[in-house]
Structure formats: C-alpha cells, structure tokens
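Structure first, commentary second.
Numbers here simply count residues along the sequence, with the first being 1.
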Amino acid sequence: MRLKPFRIERYFAKHEFAAEHLLCCSDCEPLQIKQLLELADSDSLSRWENMNLAYTESQGLPALREEIAGMYGPNVSASEVLVLAPEEGIFLSMQALLQAGDEVVVMVPGYQSLSEVASGMGCSIKAWGPALQPDDSLVFEVDTLAKLVSRQTKAVVVNFPHNPTGALLSQCDWGRLICLCRDSQTWLFSDEMYRLLEHDPADRLPSACEVLEEASITLSGVSKTIGLPGLRIGWLVCQDPQTMRRLQELRDYTTICNSAPSEILALMALRARGKLLQRSMAIISHNLRLLSAFFGAHQGAATWVPPKAGPIAFPAFHLGQSSLLTCQELLDQHSLLLLPAEVWNHEPSGAQQRLRIGCGRSSLEAALAHLGSYLTKLEQDKSDHTPDKPR
C-alpha cells in the first residue's frame, strides 16, 4: 500500500499549535478533566479511582461497549461494537471490506483517509461531489449517486453530517441512499462522527447500523460531539459477524487495545452525554448567530450559508485570490488559522475560494475579530485602488 501525504493533517501539524487563534476546528469546545470528573456517576468514578493500568480488552471495555450499543436501536448489541481510535476505524474498515480492483464511491470533498486508504490499496475511486446552488450552498444529490453506483461497486462511503460543508441529507434522500445500497448489494461505510449535532433534532438521520444491518459499518466517537478528542476513543458498529471478526483480527496489527484511562473517561462522558451535547449545541447556536452577523457586515467578502448540522461551515469567499494564499496571510498577519479548500484536494472547492470555519469553540468571537480586521483592510485597500469616476 502506498498512501499520499494527508494534506489536512500535515497542514494542522505545521500550524495548529503555532497559531494563536483557531477558527477552523471541527470539534466542539474540549473539556478539562476536572469538568468531566464532576459529571461522573458513582460506578465510573469508582472505576477511575481503582483503575489498573494493565492491558485492556481488545474489543473494548465491556461497560463502554454496552453504553455505546444503547445509543442505537434495540438490534445493536455490545458484541457488535469495536472500540478504537476513529482514524484507526477507517483504516481497518477499508482493509476488512476491500481489495485491489474493487470499485468504491466516496463523497468529495471529504476527510482524506475515507478515500485515500482504498485508493492506496489499489481500488477504483468514484467521486460523489455536491451540486453548487445559486446561494453558494453545496447539496449532495442522491440522483447523482445513483448514476455512480453499479453492480461492480463494492462500497459506498458517506459522511453525514458532512465535513467540511455541514451538509445533511433529508430523511427521504437518506432512505433512498439506503435502498440504493441494498438493491445494488453494496456495503455502506457511514462516518457519523458529527451525528447528534443536528441544529434541528428533527433532521437527525437514523444511523446506518439501524437501517442497513446486514451490510454497513458505522463510525462514531467522542472527539467531535462532546469535546474529547484527546481521549482518542471512537467505535465501529458492524452487525455482520464475519466482518466484525475480521476487524478484530486486523486490529491486532495496529493498536491491539485501547488506553485504560481513556476508556473509563469515555464511559463517564457517554453516561453524561445529554448534558455534554446540550453544552456543545449551546456553543454552536451562539456562534452561528455571531457568524450570521459577521458575514452580514462583510457581504462583499463572502457568501454565508449556515450549515445544516455539525460544528463546521464551508463558506465561499470572494477575495480574488486562492484560499491557500488567504490562509497564509491570516497566519502571517494575525496568527489566525483557517483551513483552505486546497487541503481537501477538491478543485471545485478551491475555485470557489472556500475556507472551513469551526463553530464549536468558545473562542470564536475573539478569532472573528482578527478575521474582520483582515477583511476590512482588504476592502479598504481595494477602495483605495479604485479610480475615481469622472465628474
């Protein structure tokens, strides 16, 4: 297998811990450990205080798997849950499902490993891209997906709510997608890392594991929704026994098992997920109001279309330069980090000068002040260089 450099992660590695202001994060406000411990129930707190720092069970802490299974429909059991790092889940799933020569349909733009692992294995990748709407929003159309899926398609890889656009299918279109996979006998890999952060709870889609039990793998975790990316805890739900067994076998070649402290802290968090999700949504809702007002004051610089779900947006800017250059200038002049469209290797997004903005951090208002100063200066420079009209 030959994997190309992971552009978004290399960009973060270079800038994330050097920039003073972050305006691109895809996670919600991270918790301090003391905040999490204050939410712990008696059982998880006892587990924490009496924890043995030995190896853990390779499939994951049984109590944690039970808690995760309870987040889905009654047909999901703890035996169908594998606890691991989210990125590891993508890597192992592609290894379990695919082999060289297989055809895979993947959403673009998207998190690079969702397509790159399959590509590196020698699979044929078909890109399902969004349709640009008159208001500059991006919509993934199931009719377009239907034209890409064939009897030769081994897997469809989706991510709803979507990173980086914040797009979400309607209930009807999600049902059509499920039927399409079932009718074509295609596996569905569903990245649901942002599920539960729908801005309108009525928009929440059933998990893939609840509606395509026979041929789906669901990915989720605690990184994005409840502010615990440092735990490195996620999970796969797979109800096909043979595939689950293969996932566990492959996991022996990666991390083998999880960190004992991380598993117990994740158990605490999931048992308190109602409060943590409420906290995340309060921050997102507040920040979306700030962003609407901000872009209303800078209408010439960008088109603001609020995301349907999740803590990220992908507005198109109108600055007459690449988003890569814009981000470099923001770093140089304001120590402000945004993500340029170029890190997704998606030419249409680059042509639209899109930047990813994170809506889930409490520091957004301070970061926006720096973006505002940058845009105001650009607008002033443009005005200064505009010739006066003849009188």
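With sequence neighbours left out, Asp135 forms a side chain to side chain donor-acceptor pair (under 3.5 Å) with Ser137. Glu365 meets the side chain to side chain donor-acceptor pair (under 3.5 Å) test with no other residue; sequence neighbours excluded. Arg271 pairs by the side chain to side chain donor-acceptor pair (under 3.5 Å) definition with Asp41, Asp43, not counting sequence neighbours. In this view, Cys24 and Phe12, Leu337, Leu339 satisfy the side-chain contact (heavy atoms from CB on, under 4.5 Å) rule, not counting sequence neighbours.
Residue Leu168 shares its hydrophobic cluster (ILVMFWY side chains chained together at separations under 4.5 Å) with Val105, Met107, Trp128, Phe140, Val142, Leu145, Leu148, Val149, Val156, Val158, Phe160, Leu169, Trp174, Leu177, Ile178, Leu180, Leu188, Leu205, Val211, Leu212.
Remark: the backbone N or O of Ala282 is not paired with any side-chain donor or acceptor of Ser285 at under 3.5 angstrom. No donor-acceptor distance shorter than 3.5 angstrom exists from the side chain of Ser184 to the backbone of Arg151, with no hydrogens or angles considered.
Classified by interplanar angle (parallel below 30°, tilted 30° to 60°, perpendicular above 60°), the ring pair Phe6/Tyr111 is tilted.
The salt bridge (Lys or Arg N to Asp or Glu O under 4.0 Å) contacts involving residues 273-285 comprise Glu67-Arg273, where partners must be two or more places apart or lie in separate chains.
For the pairing with Tyr374, the side chain to side chain donor-acceptor pair (under 3.5 Å) check across Gln333, Glu329, His334 returns one residue only, Glu329.
Looking at Ile284 and His199, their side chains come closer than 4.5 Å, going by heavy atoms from C-beta outward.
With respect to Glu198 and Lys308, no salt bridge is recorded, no charged nitrogen being found less than 4.0 Å from a carboxylate O.
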